Protein chains: 2
Amino acid sequence: MVDREETTTAPKVTDAALRPFLGFNLRRAWNVIHADLVATLEPLGLRMITFSALTVIGENPGLSQAQLATALSVERPNLVAVTDELSTRGLVTRERLASDRRTYALKLTAAGERLLARATEAVRGHEAALYEPLSDGERQSLIAMLQKIESKGTGRS
Amino acid sequence: MVDREETTTAPKVTDAALRPFLGFNLRRAWNVIHADLVATLEPLGLRMITFSALTVIGENPGLSQAQLATALSVERPNLVAVTDELSTRGLVTRERLASDRRTYALKLTAAGERLLARATEAVRGHEAALYEPLSDGERQSLIAMLQKIESKGTGRS
DNA sequence: CGAGATAGATACAAGGCATAATCATTATAG
DNA sequence: CTATAATGATTATGCCTTGTATCTATCTCG
């Protein structure tokens with residue numbers, strides 16, 4: 001076999017030049033969280049978007065799909081499949097408002113409440129594992145810093 | 001116009017139930033950074049992936065495409081279009097290695113070096129604006145915490 | 001009533017990202 | 001030395017997510 005080392009130049013490839021950038025580190029951390037979160041929700045038959053939708057509906061019963069889309073920062077058309085799925089699975093009810101028959105009032109069913117409770121617990125556990133190297137104070141400060149960064153933008157992706 | 005308040009139920013939709021989750025805040029912060037970063041690189045004719053590639057090539061001259069793919073956490077096939085573009089634009093050279101004529105040695109051209117320098121400066125400015133609400137110490141601690149979270153994962157998305 | 005706006009839905013296009021298969025080259029085994 | 005396996009680069013392909021344009025039904029306002 002041939003000597004793998006070039007003996008003259010860099011034998012290992014580094015990303016040190018990208019490490020000082022906040023965006024790079026944020027993206028990599030997101031990759032880790034995302035992969036773990038998907039694995040956490042998959043046994044419950046949920047995706048990130050359906051879990052988020054359940055959470056916001058549970059917090060704001062009776063809201064419309066347009067309001068939900070705004071809260072989740074997704075376009076209205078992309079929410080249709082989500083509410084269809086949640087409705088078909090019997091997790092959410094869509095009732096027409098008497099005052100405005102264009103809009104739906106979204107509410108969790110009893111099954112939706114139960115699944116949301118289970119999913120919330122699962123996600124808490126998932127986050128606790130990722131949070132593990134951080135102290136309580138660090139976690140709070142991390143979220144606070146992320147929100148400060150978020151506030152610098154217009155809010156849309 | 002009609003009174004927007006329902007006077008009986010929640011007039012505003014909140015995402016307070018999602019705010020305690022690290023993943024939610026991270027994703028929102030990423031959206032802001034991503035949108036601003038795209039806008040920053042667009043005038044230079046760069047995308048995130050091409051900027052990252054230029055940076056890593058500049059830091060590791062002579063590396064192969066497989067090494068670059070690993071460093072950037074992208075699949076090899078998806079890197080072909082990137083190196084094609086950089087090569088066509090005269091920013092990067094692809095030279096066959098005499099020792100192994102399968103692999104390319106990627107290097108920046110003089111034009112590539114110049115564009116990378118300009119882009120790096122632009123991205124630094126972009127990040128400085130987003131960083132603005134944070135102190136120097138907070139920025140270091142933020143990146144350190146993100147790297148701790150990243151280290152909890154397997155590294156793949 | 002008629003113009004304009006809004007909620008939801010549909011259709012469609014574009015980008016990101018992963019897999020499988022292919023080709024050329026190199027390494028390894030008999 | 002020849003056959004086989006392994007690797008770098010490439011192509012083709014498909015999935016998933018997300019955005020835009022458009023349509024219908026309904027509501028508000030003049």
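Just so we're clear, the structure is a prediction, and the values are computed from it rather than from any experiment. Only this structure's heavy atoms are used, side chains among them; waters, hydrogens and symmetry mates stay out. Reminder, nothing fancy here: chain letters follow the sequence lines and each chain counts from 1.
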Could you state the atom-to-atom distance from CH2 of A:W30 to P of C:dC17 in whole Å? 13 Å

Separation of C:dG15 P from B:H34 NE2 (nearest whole Å): 12 Å

Nearest whole Å is fine: how far is C:dG8 P from A:R96 CZ? 8 Å

Is there a side-chain polar atom (N or O) of A:R101 under 4.0 Å from OP1 or OP2 of D:dT26? yes

Please compare A:A105 and B:A98 by the position of their nearest nucleotide in DNA chain C and report the one closer to 5'. A:A105

Given side chains that start at C-beta, do those of A:F51 and A:L44 come closer than 4.5 Å, heavy atoms only? no

Please check if the side chain of A:T88 supplies one atom and the backbone of A:D84 the other of a donor-acceptor pair under 3.5 Å. yes

Any N/O pairs under 3.5 Å between the protein and nucleotides 20-22 of chain D? List them or say none.
none

In terms of the nearest nucleotide of DNA chain D, which residue is placed more toward the 5' end: B:A66 or A:I49? B:A66

Can you check whether A:Y104 reaches A:L97 side chain to side chain, under 4.5 Å on heavy atoms? no

Figure out the OH/P separation between A:Y104 and D:dA25, and round it to whole Å. 13 Å

Report the distance from atom CG of B:L72 to atom P of C:dG16, rounded to the nearest whole Å. 14 Å

Looking only at side-chain N and O atoms, does A:R94 come under 4.0 Å of OP1 or OP2 in C:dA9? yes

Side-chain N or O of B:Q67 less than 4.0 angstrom from OP1 or OP2 on D:dG8? no

Of the candidate nucleotides D:dT11, C:dA9, C:dT26, which contains the atom at the shortest distance from the side chain of A:V80? C:dA9

Under 3.5 Å, side chain of B:S64 to main-chain N/O of B:A105, donor-acceptor pair present? no

Take the protein atom CZ of A:R102 and the nucleotide atom P of D:dA25, then report the distance between them rounded to whole Å. 14 Å

So, does B:E59 use its side chain to make a donor-acceptor pair with the main chain of A:A16 at under 3.5 Å? yes

Roughly, in whole Å, what's the span from CG in A:N31 to P in C:dG16? 14 Å

For the backbone of A:L46 and the side chain of A:T50, can you confirm whether one donor and one acceptor N or O come within less than 3.5 Å of each other? no

Would you tell me if any nitrogen or oxygen in the side chain of A:R47 comes within less than 4.0 Å of OP1 or OP2 on D:dT17? yes

Quickly work out the A:R76 CZ to D:dT18 C1' distance and round it to whole Å. 14 Å

Can you tell if the side chain of A:R47 reaches within under 4.5 Å of the side chain of A:L41, non-hydrogen atoms only? no

